[in-house]
Amino acid sequence: MMLSVQDLRVSFAREYGDPVEVIHGISVDLEKGETLGIVGESGSGKSVLSLATMGLLPRTARASGKILLDGEDILTMSERQLCRVRGRKIGMIFQEPMTALNPSMRVGAQIAEGLRLNRALSRRDARAEALRLLEMVQIPRAAERIDSFPHEMSGGQRQRVGIAIALALEPELLIADEPTTALDVTVQAEVLGILDELVSELGISLVLISHDLGVIARIADRTLVMYRGDEMEQGETEQVLRRPSHEYTRKLISALPGRVRASLEMSDG
Amino acid sequence: MKKLPFSLIAGGLITGALLVAALLSRVWTPVDPTAMNILNRLKAPGEAGLLGADQIGRDVLSIIMAGAWTSLGIAVTATLLGGAIGTLVGVSAAAKGGAFERGTMAINGVLFSFPPILSAILLGALMGPGALTSITAIGVFMIPVFARVTRGAALQIWSRDFVQAARMAGKGPALITLQHVIPNISAQIIVQLAIQTGLGILSEAGLSFLGLGVAPPTPSWGRMLADAQTFLSAAPHLVLAPGLAIAAAVLGLNLLGDGLRDLTDPRRRQAS
Amino acid sequence: MLALKRLARQIGGLGIVLAIASLVIFLLIEAAPGDPASIILGTSASPDTVAALRTDLGLDRPLLLRYLSWIGGVFTGDLGNSYTYDTPVSALIANRLAVTAPLTLIATLLSIVISLPLGVWAANRPNGPVDTLASLFSQVGIAVPNFWIGLLLILGVALGLGWLTPGGFPGWDAGFWPALEALILPSIALAVPQSAVLTRVTRAAVIEVTNEDFIRTARAKGMSRTRALWRHAVPNALLPVVTMLGLQIPFLISGAVLVENVFTLPGIGTLAYQALSQRDLIVVQNVVLMFTLIVMVVNVIVDALYAVLDPRLRGRT
């Protein structure tokens with residue numbers, strides 16, 4: 001088992017009053033090379049789940065249960081151990097390509113940074129590797145773009161840089177939190193395609209978080225449906241989408257545009 | 001559940017005490033602040049009066065109280081004058097826009113490069129030291145400060161829907177400024193008034209320390225410090241009392257301003 | 001190209017602003033009571049000699065002509081002669097600048113050295129012990145007059161402990177260390193309120209940046225909290241800090257006038273102040289213009305620094 005979340009509960013301390021629990025006991029497993037889709041509306045706790053897996057919960061949060069990565073529990077790791085896990089074992093792609101990159105640093109340097117930090121590469125080698133990564137995520141004229149600042153790139157290109165950063169250290173697990181939500185519809189498919197392709201090529205396990213069932217349907221092997229911190233259902237993506245066992249999932253599916261629903265039914269036949 | 005910010009309470013108390021001391025000094029001080037008693041010359045606190053006596057035997061506590069009136073009087077007058085002109089400039093720049101806005105803001109930049117002490121040196125050459133010089137020098141510096149703050153705040157109000165609605169209804173910029181802009185930025189103006197009065201007290205002290213402020217025998221904290229410098233080793237207590245008075249007054253007004261901001265800032269309100 | 005154009009336009013604007021400022025200064029000094037010729041010659045001089053000197057100084061020329069010749073002099077470095085010292089004003093100013101420039105420079109460096117780490121440290125753990133200490137320091141530091149800090153330093157350090165000098169300036173001819181020693185306490189007095197303001201701004205700016213997404217990206221690369229703070233948060237928080245540094249220049253100059261007075265340093269502030277009391281108005285006029293010039297030039301430099309600190313502002317018009 002690559003990743004195994006067992007009865008995870010997360011609560012946040014408040015300035016006044018008792019802590020609020022936002023995840024009420026989620027359990028989910030992920031095999032090597034598998035893609036898990038987590039779907040739910042905003043406030044369903046899916047982003048908190050991904051931050052907990054990275055060990056990046058804010059200070060005010062308390063988590064119980066287990067998050068086992070290759071059998072080791074993220075929740076009991078020291079900060080020092082976590083720093084070795086992040087980047088090397090788990091990579092993460094964030095929702096907003098606009099704000100997820102440091103505006104005052106060239107993109108090449110931002111990709112190379114993780115490499116230099118974790119692998120002690122020389123400046124020159126790290127730069128060469130960053131260039132290779134930029135080409136891998138299909139940035140046109142990568143040799144020129146490597147010295148661009150984030151604001152000089154389009155949203156789709158920035159998100160590709162985000163993918164390059166996350167994949168730089170060849171992690172075993174990649175978490176993508178709404179990776180295409182902030183992008184133009186035309187660019188969404190491209191970026192999703194790149195992501196899907198690289199994940200299967202490199203044999204990486206992927207946790208794809210989205211509020212968009214259409215995105216999940218495209219690349220997830222298995223799907224977890226969350227609502228307000230609770231699991232509604234989980235299972236094979238096809239199973240969940242074609243024969244939803246929960247009322248909430250049915251509602252999500254009926255909210256999809258007709259075109260997407262039709263494509264679900266087509267693959268049925 | 002909402003607590004009053006600590007800074008509001010602390011600032012309110014200190015500022016209240018300052019105000020009481022200043023007002024009280026108009027009707028009562030332990031000793032007449034201008035009365036010299038050469039026998040008490042440079043006496044330490046306790047030996048003559050609560051805070052001791054100065055180089056010509058005047059009671060330090062009494063001068064501090066009377067000095068509060070001077071300090072506060074000059075700072076408040078200058079801040080209100082500069083604040084009124086600055087606010088007028090700021091809201092009209094926001095209302096008119098275009099070349100008028102650019103022009104007034106350029107003049108603002110010029111005024112801002114004349115810190116109070118520099119203007120006081122210039123004005124001192126023109127009309128000699130005195131309360132009027134201090135008030136003008138400090139007030140002139142307040143104009144760009146208020147203009148900048150109120151323009152920014154007013155521009156935000158101008159972009160709101162209810163202002164657009166008022167424009168559609170045919171209201172002119174002057175009426176909109178009066179009815180919609182000023183009421184909505186009044187909280188920011190009050191916060192600035194508190195903080196800038198503190199700065200005014202600090203500037204007034206600096207001016208009278210240099211001899212550019214009120215003329216003797218009007219009591220003033222800054223001049224007390226200038227006098228105390230001569231007797232630094234003989235009577236260190238003369239340095240402590242006025243300095244503490246200035247620092248406490250400015251601290252109080254700053255805290256009051258911060259507290260008012262915390263209380264009225266809509267972002268803070270949402271957060272709690 | 002765009003950046004150059006922007007700079008050119010700024011310098012043009014600066015010229016206009018300076019022209020207005022210099023005219024105001026000139027007119028105020030013109031309106032001031034006291035005829036320079038009678039000040040130079042003293043009260044006992046005969047009206048004839050005063051009139052002769054007035055012609056000599058060019059004081060009988062029309063107002064506009066005198067203004068233009070002053071401004072012309074500013075460009076050629078000929079600022080006229082001091083009424084009381086009978087030396088060129090430019091030499092006088094250069095002489096005094098050798099004290100004021102190092103004083104303000106050391107104070108600024110000192111305030112950055114104090115406030116940057118303190119503000120960042122405070123922001124790293126909001127409401128922690130360091131943060132409490134830092135906010136206490138900034139509240140009190142802003143409220144305390146720098147000339148009073150100067151007096152306390154003289155009292156406590158120079159007279160009490162016997163360290164450093166309580167005042168006066170031996171001149172740079174006396175050697176580097178004795179001259180520097182005389183500037184240490186004044187610089188501290190000047191730096192305390194500055195660093196209080198800067199600590200507050202740094203803390204707020206760093207806290208704001210630490211909430212940005214790219215800090216999370218950096219942490220996701222396996223970077224430690226502290227490293228992400230210094231490598232990613234601090235560089236992006238410098239913009240407001242530099243802005244504040246620029247806005248503080250008028251206060252730094254005011255402070256220098258006061259602190260020089262406390263420590264009897266022969267700087268520009270003391271020069272202006274003494275010139276005023278001796279009605280040496282030509283010195284007052286030039287010193288005030290010079291201060292104004294410094295404030296405005298620093299503002300242009302701060303604007304140029306923005307582009308260095310934030311690549312998004314480069315090439316913006």
Side-chain angles (χ1 to χ4, degrees), chain B residues 7 10-11 14 102 106-107 109-129 141 145 148 195 198-199 201-203 205-207 209-212 221-222 225-226 228-229 232-233 236 238-240 242-244 246-255 258, chain C residues 13-14 16-18 20-21 24-25 28-34 139-140 142-152 154-156 158-160 166 193 247 249-258 261-262 269 272-273 275-277 279 281 284-285 287-288 291-296 298-299:
Chain B
S7 50
I14 299 174
R102 280 197 301 278
I107 296 173
V110 181
L111 286 184
F112 192 70
S113 50
F114 282 94
I117 287 189
L118 221 50
S119 335
I121 287 177
L122 261 182
L123 290 170
L126 186 65
M127 51 193 192
F141 190 71
V145 175
R148 194 175 295 187
I195 292 173
L199 201 67
I201 288 180
L202 209 51
S203 303
L207 293 181
F209 180 75
L210 287 177
L212 294 167
W221 293 342
L225 282 174
Q229 190 171 4
L232 210 49
S233 35
L238 291 179
V239 173
L240 290 180
L244 284 175
I246 299 167
V250 182
L251 182 68
L253 282 157
N254 278 342
L255 286 174
D258 285 355
Chain C
L14 185 75
I16 297 171
V17 164
L18 270 176
I20 301 172
V24 171
I25 295 169
L28 276 175
I29 293 292
E30 275 302 313
Q139 280 290 4
V140 173
I142 291 169
V144 173
N146 51 22
F147 54 96
W148 188 52
I149 299 175
L151 289 174
L152 292 183
I154 294 177
L155 195 62
L159 300 180
L247 287 178
I249 295 295
F251 296 99
L252 192 69
I253 289 174
S254 296
V257 176
L258 287 161
N261 191 282
V262 172
Y273 171 71
L276 177 66
S277 50
R279 301 213 67 78
L281 296 183
V284 174
Q285 182 178 334
V287 167
V288 172
F291 275 145
T292 318
L293 181 72
I294 291 175
V295 172
M296 290 173 183
V298 169
N299 281 337

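Below, chains carry the letters A, B, ... as their sequence lines are ordered, and counting in each starts from 1. Here the structure is a predicted model, which means the values were calculated and not measured.
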- line: If you tally heavy-atom pairs under 4.5 Å between each of Gly243(B), Pro129(B), Ser203(B) and chain C, the highest tally belongs to Gly243(B)

statement: Heaviest contributor of heavy-atom pairs below 4.5 Å to chain C, chosen from Leu210(B), Leu255(B), Asp258(B), Leu122(B), is Leu210(B)

field: Atom of Ile149(C), atom of Pro193(C) and distance for their closest heavy-atom approach
entry: CD1-CD, 4.2 Å

statement: One should read off an interatomic distance between Phe141(B) CZ and Phe251(C) CZ, to the nearest 0.5 angstrom, of 3.5 Å

message: Please classify the contact of Leu258(C) with chain B as side chain, backbone, both or neither, using a heavy-atom distance under 4.5 Å.
response: both

message: I need the minimum non-hydrogen distance between Asn146(C) and Gly255(C), along with the two atoms involved.
response: ND2-CA, 3.3 Å

message: Is it the case that the side chain of Gln229(B) and the backbone of Val262(C) share a donor-acceptor pair, with hydrogens and angles ignored and the cut-off at 3.5 Å?
response: yes

field: Options Val257(C), Thr292(C), Leu151(C), ranked by heavy-atom pairs under 4.5 Å with chain B, top entry
entry: Leu151(C)

message: With heavy-atom distances below 4.5 Å as the criterion, would you say the side chains of Pro33(C) and Arg279(C) are in contact?
response: yes

Interatomic spacing from CD1 in Ile121(B) to CG in Leu28(C) - rounded to 0.5 Å: 13.0 Å

field: Most contacts with chain B, counted as non-hydrogen pairs under 4.5 angstrom, among Ile29(C), Val288(C), Leu159(C)
entry: Val288(C)

statement: Ala226(B) meets the side-chain contact (heavy atoms from CB on, under 4.5 Å) criterion, sequence neighbours left out, with Phe209(B)

field: Side chain / backbone / both / neither for Leu281(C) at chain B, heavy atoms under 4.5 Å
entry: side chain

- request: Against chain C, label Leu244(B) side chain, backbone, both or neither, depending on which of its atoms sit under 4.5 Å from a heavy atom there.
  value: both

Partner chain C: residue of Leu232(B), Leu126(B), Leu202(B) with the largest heavy-atom pair count (under 4.5 Å): Leu126(B)

message: Report which part of Ile142(C) has an atom under 4.5 Å of a heavy atom belonging to chain B: side chain, backbone, both, or neither.
response: both

message: What part of Arg102(B) gets within 4.5 angstrom of chain C, counting heavy atoms only: side chain, backbone, both, or neither?
response: neither

query: Between Ile246(B), Leu212(B), Ile201(B), Leu225(B), which residue shows the highest count of heavy-atom pairs closer than 4.5 Å to chain C?
result: Leu225(B)

query: Given a strict heavy-atom distance threshold of 4.5 Å, which part of Val284(C) is in contact with chain B: side chain, backbone, both, or neither?
result: side chain

query: Where does Val287(C) contact chain B at under 4.5 Å (heavy atoms): side chain, backbone, both or neither?
result: neither

task: Go through the atoms of Leu247(C) and report whether side chain, backbone, both or neither lie under 4.5 Å from a heavy atom of chain B.
output: both

query: Considering all heavy atoms of both residues, which atom of Pro242(B) and which atom of Trp221(B) are nearest to each other, and what is their separation?
result: CB-O, 3.8 Å

message: Heavy-atom cut-off 4.5 Å, strictly under: side chain, backbone, both or neither for Leu240(B) against chain C?
response: both

- line: For Ile16(C), the side-chain contact (heavy atoms from CB on, under 4.5 Å) test, sequence neighbours excluded, returns Ile20(C)

field: Selection from Leu123(B), Ile107(B), Leu111(B), Val239(B) maximising heavy-atom pairs under 4.5 Å formed with chain C
entry: Val239(B)

message: At a heavy-atom distance under 4.5 Å, which candidate from Leu155(C), Ile154(C), Val144(C), Leu152(C) has the highest pair count against chain B?
response: Leu155(C)

Leu251(B) side, atom CG; Ile14(B) side, atom CD1 - distance, nearest 0.5 Å: 5.0 Å

